[in-house]
Structures are given as structure tokens and as C-alpha cells.
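Quick note on labels: first sequence line is chain A, next is B, and so on, each numbered from 1.
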Amino acid sequence: FPKFYEKTFVNLNTTRELASGLQGSLSLDYARNHTLTNSSDFKFFDNKEREFTSNNPFTPTTETPLFPTYTSVSATASLTYTIGQQYITRPDGKFYTESKYPRITVLYKKGFKDLLGSNVDYDFVKAEVYQDRISLGLWGYSSFLVGAGKFINNNQLYYPDFKHFAGNISTIFPPNLRKFQYLDFYQFSTNQQYFEAHAEHNFAGFFLNKVPLLRKAKLEEFIGGGYLSSPEKRNYKEFYFGLQRLVLRVSYGFAYDGGRKLTQGFRIS
Amino acid sequence: ATVGASFGNGIFDLNNLGSMT
């Protein structure tokens, strides 16, 4: 499933607190990127029925380079503000407490044209609102993430610098609110614009704790869903429901393109 | 405030999300 490329890079970054609840960060990146082709000079066992697929996700049967070898010089600036951030001051520092309100991030990334031999020329902006574990008392807790972004200039950029989405096509995977559980992770990357939303609610045993023996299992019921729309993937939706015990989760879900069902299945994480 | 720097050469996933899944 994974597709690789090679990168030689230098990165400089800084993050600082500009005001209480407001973090600013700046990153400068220089990278030289190459495509890679799969090869093998030794096999324990040659299965004639199976071949490596190429490192180009769009041409799995032929090793067509997805992009030329190129240099990218870019800068990323972001601001993250947590509404109603409270903190504790102690002699050894300032400690943020969990906020009751969402966190907002705005980000600007510029791919410089011609600077230090750079072959890219793009400008990308994105905004996100996120909040984890919003308590609803006995009803459990909710988490959500909503984001939108746009390349306001996409004169020259190559696939590694596209906006990528956290997809997944495996049955077993590590959980992450940002992840689309039924979306291919390479096919729908965009160099234009997108809107995405994710939400999950954990009932923390609200229903199952009412069933006498079952409550001993300490299972937590959860439901969730995701939405993505971009020129490459219009109106994609997914919904899932499942049970969780500590860090083990099992869920069943459905994915749709508009009203058309794409896939359904179990996910374990 | 934090300041960091890194450099290197390596093989990365094409979607840059740092995970194969």
C-alpha cells in the first residue's frame, strides 16, 4: 500500500507564545525531492502471481515518475488560538489547563519561486477549528475537527506538496480523529481547494451500563463520521459506529460519494 | 519559545503524513 519518494532536506522552525492562548510558529524548509522505483535483486521465493506495484499511485502497473526531481524552498507560518484558554502560573512556569472552548488554527504556506534554485511557485492557506473531548455529562463526550484550505496560487507544485488527506484502506489502523477510515490516501490529494469535517461522539457506556451483566465489560459506545469535498473528491461522506474498551476499538462503517455507496466494512484499531 | 532545526536524507511516504496507514 505505501508509496515512497526520497527527500534531502533542511528545516528550521520556531514556536512561541504570542499571548495567552495564542501560539505562533514559523518554519523554513529546503528540500530536494526524487521519485523512487521499486527493485529487488534477491528473492527468497518468486511468486509469479504477484508483483510490486509502482511507487506512482496513479499508474500501479508501470513505474512512471510522478514528478521530476525538483527543489522546493518554502515557508510556513501558523497561528493557533484557543478560546478561553486558562492557565496556572507556578514558580517553574505557566501551565495551560484543558480549555472548554475550541482551538482555531490558521496557516499560510508559501512555495518560493526561483529562490535558492527553487522549482516551485505556490501559496496555500488553511483554517481549522478543533476541539477534543467536549463533555456532555452522562451522555459522554464529543470531539470534532473542521477545516478548509485553498491554493490561492498553484502555478507550480508537485505531488508531494499537494494537500493530502489522512486516508486509510486497512482493516487495522491506529485511530485519529483526522483520519478518513474508508478513503484511499493518495488518489484525492489536491492542488486546489477542499473542505473537511470529522466528528466523533463517545457515549462512555451510557447505554451498555444499563444492561446488568454487560456493564461489567466496561464497553464504551461511539459513533462518528467524516466529510470531504474537493475538485478531486466531491461530497464524500462516511459514518461508523462501534465499541471501545480502553485502547481497543472495533467499528463498522459506510462510505458514500454523494448518495452512492462506495464501501462498507469493519475497522479495528 | 522553542527553536529547532533538522536536516537529513530519507525515504518518506508520498502523502507526507508520516504513516503507512
Using a 6.0 Å cut-off, check whether atom [atom1] of [X] has over 12 heavy atoms from anything other than its own residue.
| X | atom1 | answer |
| --- | --- | --- |
| A:Y96 | OH | yes |
| A:F58 | CZ | yes |
| A:F95 | CZ | yes |
| A:Y252 | OH | yes |
| A:D41 | CG | no |

What part of [X] gets within 4.5 angstrom of chain B, counting heavy atoms only: side chain, backbone, both, or neither?
| X | result |
| --- | --- |
| A:N55 | backbone |
| A:F67 | side chain |
| A:S189 | neither |

- prompt: Does the side chain to side chain contact (heavy atoms under 4.5 Å, CB included) test come out yes or no for B:V3 and A:N13, once each step is laid out?
  reply: CA-CA 6 Å; B:V3 177; A:N13 62 76; over 6 Å; no
Is there a side-chain contact between [X] and [Y], using heavy atoms and a 4.5 Å cut-off?
| X | Y | result |
| --- | --- | --- |
| B:L14 | A:F4 | no |
| B:N9 | A:K7 | no |
| B:S6 | A:F9 | yes |
| A:Y186 | B:D13 | yes |

task: Classify the side-chain pair B:N15/A:Y159 by whether it contains a donor and acceptor separated by less than 3.5 Å.
output: no
task: Considering only heavy atoms and a distance below 4.5 Å, find which of A:L66, A:D161, A:N176, A:N11 pairs most often with chain B.
output: A:N11
- prompt: Would B:F12 and A:Y5 satisfy side chain to side chain contact (heavy atoms under 4.5 Å, CB included), going step by step from the backbone distance to the final call?
  reply: CA-CA 6 Å; B:F12 293 84; A:Y5 74 108; 3.8 Å; yes
- prompt: Mind checking which of residues 16-38 of chain A sit less than 4.5 Å from chain B, heavy atom to heavy atom?
  reply: A:R16, A:L36
field: Partners passing salt bridge (Lys or Arg N to Asp or Glu O under 4.0 Å) against A:R234 (at least two apart in sequence or in another chain)
entry: none
task: Please answer whether the main-chain N or O of B:T2 pairs with a side-chain N or O of A:T14 as donor and acceptor at a distance below 3.5 Å.
output: yes
